[in-house]
Amino acid sequence: MREVSRRGILGLGVGAAASLAVAGCSSGSGSGTPKPARTTQAKPIGDGSTSQGEKRPEAPKPERLEPGQKPPQFVVFSWDGAGEVGNGLFPRFRKLARDHDASMTFFLSGIYCLPESKKSLYRPPNNPVGASDIGYLTDEHIKETLRNVREAWLEGHEIGTHFNGHFCSGSGSVENWTPAQWKSEIDQAVSFVTEWRTNTRFTDVEPLPFDYHKELIGGRTPCLKGQTNLLPTARELGWRYDASSPGGLQVWPSKKQGVWDFPLQQIPFPGHSFEVLSMDYNILANQSQNSTKAPPANYPGWRKQATDAYIAGFNRAYETNRAPFFIGNHFEQWNGGIYMDAVEEALKHMADEKRKDVRLVSFKQLTDWLDAQDPAVLAELRGFGVGQAWSANNG
């Protein structure tokens, strides 16, 4: 039997580990872990774009903290868009997760499952039919995206949503959408994921192995805009969290309108007196003024600065209040791919075996853990400020 992974455990440490299942492990060369068992009993849903019945690693049962007990350090790596466009980044980070027994959240853009020839099916609020600020994928890239999303879920990762057209400016910006318009956008995103076989006519791609109506419990809005009007719809749909807030602090999360609020966070930015948001693009914006192809001479220094920023944010939480740490990313080769290298090096640092109480989890796993806690214990944790040392005697 495989040894229980410390990062697969959401509970309390050594004493609780023996009774818990393994989570977030799976396939892949170099991981030493066999692929999840496939089953021939998968049952198609709808047109066969999705199915149910395939097995993946069991999620661990969250354990309650006792009053005054130090919490684990949770870290969530998440990916906006989650499309595979031939640069190999989706499989690269799936392998990294396998190698370190990590679970992640992939916020899939619905139109990444929709061929451009069918773009008239997309009716974005306050924008022309078929419009999209992120464009459409080629047929081959849609296939690769579907294959990677399928494997990611079977490996224990979460599939959320990044909605569809990624409108961040002008009158059509998501910032101006009403709750009803958010409902339309979500319904369309779900339909593109659950009806890709009808829309693409692909016969050489296996179905996504989950019921997306049940799998989808949270998302992140484009450019971190529009959360206020999204939340009533999210609550109505039964979503359990939203990761759209900008500029959060490294403190324990709370709920907004009954939904867990998981904001990207302000973290130390080495060499500067100000802090930076814990997302690759925001670091880029402060280094190259939004240029994604700046002079290569800058890359080594910027790569180290980005890596050090992530590690500084992690260390501040780990060594003090243990607030969950959230990092947002994109599968992009901006500035020579330095941000992909930075997040990989930062993850390896956090996954160091000396830190037995670090949990690299998905937003869903974190939500499960929070929902299992005594509200009084969570209230005590929320009493610790940024960088305030954890103590069993104050809170």
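Leu231 and Val190 are not part of a single hydrophobic cluster, where members link through side-chain heavy atoms under 4.5 Å apart. One hydrophobic cluster, built from ILVMFWY side chains closer than 4.5 Å, cannot hold both Phe269 and Val386; they sit in different ones.
We find the CD1-CG distance between Ile267 and Leu249 to be 12.5 Å, quoted to the nearest 0.5 Å. Atom CD1 of residue Ile311 and atom CZ of residue Phe314 lie 9.0 Å apart, to the nearest 0.5 angstrom. Rounded to the nearest 0.5 angstrom, Phe262 CZ and Arg220 CZ are separated by 11.0 Å. Rounding to the nearest 0.5 angstrom, the gap separating the OG atom in Ser103 from the CG atom in Leu360 is 8.5 Å. The CG atom of Asp211 sits 10.5 Å away from atom CG of Leu216, with the distance rounded to the nearest 0.5 Å. Note: Asn148 CG to Glu155 CD = 8.5 Å, rounded to the nearest 0.5 Å.
Heavy atoms of other residues, nucleotides or ligands lying less than 6.0 angstrom from NZ of Lys43 number 12 at most.
Looking at Glu332 and Asn87, their side chains never come closer than 4.5 Å, going by heavy atoms from C-beta outward. Contact check for Ser49 versus Thr198: no side-chain heavy atoms found under the 4.5 Å cut-off. Considering only heavy atoms from C-beta on, Leu96 comes within 4.5 Å of Lys348 through its side chain. Met350 has its side chain within reach of Phe325: a pair of non-hydrogen atoms, C-beta onward, lies under 4.5 Å apart. No side-chain heavy atom of Asn298 sits less than 4.5 Å from a side-chain heavy atom of Gln287.
Taking the six-membered ring where tryptophan is involved, the planes of Tyr281 and Trp334 are perpendicular, since the angle between them exceeds 60° and thus also 30°. Ring geometry, Trp79 versus Phe331: the interplanar angle falls under 30°, so the pair is classed parallel (tilted spans 30 to 60°). Ring geometry for Phe163 versus Trp239: interplanar angle of 30 to 60°, hence tilted.
Salt-bridge annotation for Asp357 and Arg322: present, with a side-chain N of the basic residue lying under 4.0 Å from a carboxylate O of the acidic one. The residues Lys356 and Glu353 are annotated as salt-bridged, a charged nitrogen and a carboxylate oxygen being separated by less than 4.0 angstrom. With respect to Glu344 and Arg92, a salt bridge is recorded, a charged nitrogen being found less than 4.0 Å from a carboxylate O. We find that Lys118 and Glu195 are not joined by a salt bridge, their nearest charged nitrogen and carboxylate oxygen being 4.0 Å or further apart.
Aromatic pair Tyr339/Trp302: ring centres not closer than 6.0 Å.
In terms of modelled atom types and a separation under 3.5 Å, the side chain of Arg197 and the main chain of Gly48 share a donor-acceptor contact.
Between Gln250 and Pro268, the shortest heavy-atom distance links the atoms OE1-CD, 4.3 Å. Taking every heavy atom of both residues into account, Ile283 and Leu277 meet most closely at CG1-O, 4.2 Å. Pairing each heavy atom of Pro115 with each of Asn199, the nearest pair is CG-O, 3.6 Å. Counting all heavy atoms, side chain and backbone alike, Pro124 lies closest to Pro128 at CG-O, 3.3 Å. Minimum heavy-atom separation, Ser245 to Leu224: O-CD1, 4.3 Å.
Side-chain atoms of Asn126 and Gln181 include a donor-acceptor pair closer than 3.5 Å.
With sequence neighbours excluded, the residues satisfying side chain to side chain contact (heavy atoms under 4.5 Å, CB included) with Asp371 are Arg240, Lys255, Trp260, Thr367.
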Which pairs would a plain distance check flag for residues 137-145, meaning a side-chain donor or acceptor within less than 3.5 Å of a matching protein atom at least two apart in sequence or in another chain?
unit_1	atom_1	unit_2	atom_2	d
Thr138	OG1	His141	N	3.1
Thr138	OG1	His141	ND1	3.3
His141	NE2	Val85	O	3.1
Lys143	NZ	Asp204	OD1	3.4
Lys143	NZ	Asp204	OD2	3.0
Glu144	OE2	Arg147	NH1	2.7
Thr145	OG1	Glu84	N	2.9
Thr145	OG1	His141	O	2.9

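The residue from Phe77, Phe363, Phe90, Phe93 that alone fulfils the ring-ring contact (aromatic ring centres under 6.0 Å, His included) condition with Phe106 is Phe90.
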